[in-house]
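Here the structure is laid out as structure tokens; the discussion comes afterwards.
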There are 2 protein chains.
Amino acid sequence: MLLLSGLAAACARGQAARPASVDPLPSWNEGANKSAILAFVARITDRDGKDFVPVAERIATFDNDGTLWPEQPVIQGLFVKARVEALTARDPSLAGRQPFKALLEGDERYLAEAGEPAIMALVSATSAGMTDEQYRAEVRRFFRTARHPTLAAPLTDLAYRPMVELMALLRGNGFKVFISSGGGVDFIRVISQQMYGVPPDQVIGTALVKEPRLLGRQTVLLRKPEIATINDKGGKPVNIDLHVGQRPLFAAGNVRSGGDIAMLSYSQVPSRPSLQLMINHDDLAREFVYGEKDGASLAAARANGWKVISMRDDWRVVFGPR
Amino acid sequence: MLLLSGLAAACARGQAARPASVDPLPSWNEGANKSAILAFVARITDRDGKDFVPVAERIATFDNDGTLWPEQPVIQGLFVKARVEALTARDPSLAGRQPFKALLEGDERYLAEAGEPAIMALVSATSAGMTDEQYRAEVRRFFRTARHPTLAAPLTDLAYRPMVELMALLRGNGFKVFISSGGGVDFIRVISQQMYGVPPDQVIGTALVKEPRLLGRQTVLLRKPEIATINDKGGKPVNIDLHVGQRPLFAAGNVRSGGDIAMLSYSQVPSRPSLQLMINHDDLAREFVYGEKDGASLAAARANGWKVISMRDDWRVVFGPR
């Protein structure tokens, strides 16, 4: 009966039955950050402790680009480029018009200066007018063969293994794990279950306006060339609230653009235990090294006691076996 | 070991261990509609059948007002009225200004003619400028004592028992159950778990614009006097897509304004089994009788083969024990 009640208890709490001696984070090196994560999970799940948090309130949110997979280059950009190449094959005049020209020629300086409006013009041009079903089919097709330009691997093999383990650890301890990304929500949802174990309804992202249309007797949604919400910076807490309806008590983002500062801040409430991770890309040998011009993310981490994760020092491996 | 493996299997499939002979819908009368619901669930969960649907795709969406609880009067309207009364106590001039005057005097004709803009003005005036935490505290306070004006019961006792059983049946068979309501998402989320077993992140509704603000070192969200989305009619499929990322294959709404036609249509795809319920309020003895001027909801149900649920004939009881 011990096995039976143990199984029932694990089942009730949504935990995998597992001997206590197995390391739930084998891809993390021992150290202060790994210890802080394990201690936090132990603390908020201890029914007899003062920091116990009921399962219904265990919400975790993760950024995607640079937090769960690489962003050099941004992977959705590779998809958009592949789509523009396909469109240009049908309409060669595109190759002479901005921002398509810059994308096709790899003119990153133009794109960086043109900024978000250019990126959004590209996203709109390559997916507006499609139904959801058509768009998803294109994204699926892309991921079947797409490889990273420098990491020599299929894109779908590039989830950061330490973060996949961390999401599994949180889920195993009753957390509902959400992705909150500046990337397109429909793009990420195609691979979120397969790569991260996160179902489509737990993905929050940048979204286009859609229009319901009756095709024959069936209602379809058409993608419009207009942004409904940009899920970055202050947009992250707003959209987390819209989708989740409560504050996360765990949030993870990364250093690059300051895009995750508001989300990490939102997850931090004085009256309740919480944990925030800010990933620093400092691992030239296994991934990339890059920072932030104004240093805002690291400054916010210092000011608020968020854990800065060094990919080089904290992660034993970055990617899974390939 | 039979018990153990049975428990483990039930646990893995997310089903309650239950003898097959127990009726999962005891508040429903026997008849074509109850049979259709049970047959649908059996069909899409039969691993060996041609209509099997994987757990990850089992999405159900329910309207709230008139589908899960009464809407005569709309319950959020009672909350808004209570808030306006509190505001008027502090600023008596409100009582002479529309639409506050009409609300306080019960002038339903004015409100009906002024329509949605007046309703939204009231919602904004009574909740804008508050943080999420402040608003939720007000809603919680309201529900602690509020009673229905004619049904002689606390509002929180007024979930339709047949629908609560139906949601439990679907969850027990691997469905993720969402609410998609024209009502305010933040209003419903306060009581959705308690009344329906639906967690806050599985509630979709009409939403205000919110603004992130740093108060001291803490990020709060302020409610603005501006509607971000109205989750009614064509807005329902759009917001279901935004929140869920896939089409439901089960949807339930009710006859009153045609507000659920687009949602039910969206859940219906020729290539996949699906079930749609349209609840008809025809039970004067136990609830209310009302219809729709243009008859659009019943016409759509006839044209598309949706099940029309008669509260009078299909439901053995309407409310739980009070």
Side-chain angles (χ1 to χ4, degrees), chain A residues 1 3-4 7-8 10-12 17 56 59 132-133 136 176 178 185-186 188-190 192-193 199-204 207 209-214 216-221 228-229 233-238 240-247 261-270 303-304, chain B residues 1 3-4 7-8 10-12 56 59 132-133 136 176 178 185-186 188-190 192-193 199-204 207 209-214 216-221 228-229 233-247 261-270 303-304:
Chain A
M1 277 312 280
L3 176 59
L4 175 59
L7 179 64
C11 172
I59 302 292
D132 276 327
E133 281 79 6
R136 269 181 224 128
K176 227 170 189 173
F178 293 80
V185 64
D186 293 326
I188 301 166
R189 279 173 170 171
V190 170
S192 62
Q193 180 68 50
D201 62 289
Q202 286 165 223
V203 178
I204 305 162
V209 172
K210 297 188 188 175
E211 182 188 298
R213 186 82 64 85
L214 210 55
R217 290 173 62 177
Q218 196 183 333
T219 296
V220 298
L221 298 179
T229 182
K233 299 195 166 80
K236 289 203 176 192
V238 169
I240 289 170
D241 167 66
L242 181 66
H243 285 253
V244 184
Q246 43 182 335
R247 284 176 195 262
I261 295 172
M263 173 168 79
L264 269 58
S265 168
Y266 182 59
S267 73
Q268 193 167 28
V269 185
N304 295 289
Chain B
M1 277 311 281
L3 177 59
L4 174 59
L7 179 65
C11 170
I59 303 293
D132 276 327
E133 280 79 6
R136 269 182 224 129
K176 226 169 188 172
F178 293 81
V185 64
D186 292 327
I188 301 165
R189 279 173 170 171
V190 169
S192 62
Q193 179 68 48
D201 61 291
Q202 286 165 223
V203 178
I204 305 163
V209 172
K210 298 188 187 176
E211 182 188 299
R213 186 82 64 83
L214 209 57
R217 290 173 61 175
Q218 197 182 332
T219 295
V220 299
L221 297 179
T229 182
K233 299 196 165 78
K236 288 203 178 192
V238 169
N239 285 313
I240 289 170
D241 167 66
L242 182 65
H243 285 253
V244 184
Q246 43 183 336
R247 284 177 193 262
I261 296 173
M263 174 169 78
L264 269 56
S265 168
Y266 183 59
S267 72
Q268 194 167 27
V269 184
N304 295 290

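Hydrogens, waters and symmetry mates play no part in the numbers below; they use all other heavy atoms, side chains included.
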Would you say [X] and [Y] make side-chain contact, with heavy atoms under 4.5 Å?
X      : Y      : value
B:H243 : A:Q202 : no
B:T219 : A:Q268 : no
B:Q218 : A:S265 : no
A:P212 : B:V238 : yes

Check the pair A:L221, B:Y266 against side chain to side chain contact (heavy atoms under 4.5 Å, CB included), reporting the backbone distance first and the verdict last. CA-CA 9 Å; A:L221 298 179; B:Y266 183 59; 3.7 Å; yes
Residues at least two apart in sequence or cross-chain that pass side-chain hydrogen bond (donor to acceptor under 3.5 Å, both in side chains) with B:Q246, listed by chain then number, are none
Smallest heavy-atom separation, B:R189 atom then A:G245 atom, equals NH1-CA, 3.2 Å
In short, B:P199 meets A:K176 closest at the heavy-atom pair CG-NZ, 3.7 Å
Using a strict threshold of under 4.0 Å (side-chain N to carboxylate O), is an ion pair present between B:R136 and A:D241?
yes
If one checks every heavy atom of B:A207 against chain A at 4.5 Å, the contacting part turns out to be side chain
Whatever's closer than 4.5 Å to a heavy atom in chain A on B:V220 counts as both
Max heavy-atom pairs within cutoff under 4.5 Å with chain B, candidates A:Q193, A:K236, A:R247, goes to A:R247
Turns out that what part of A:E133 lies under 4.5 Å from chain B's heavy atoms comes down to side chain
Whatever's closer than 4.5 Å to a heavy atom in chain B on A:I204 counts as neither
Chain A shares the most heavy-atom pairs under 4.5 Å, among B:L242, B:V269, B:V185, with B:L242
Sequence neighbours excluded, the answer for side-chain contact (heavy atoms from CB on, under 4.5 Å) partners of B:E211 is B:R213, B:K224
When you measure from the side chain of A:R217 to the backbone of B:A303, do you find a donor-acceptor pair of N or O atoms at a distance under 3.5 Å? yes
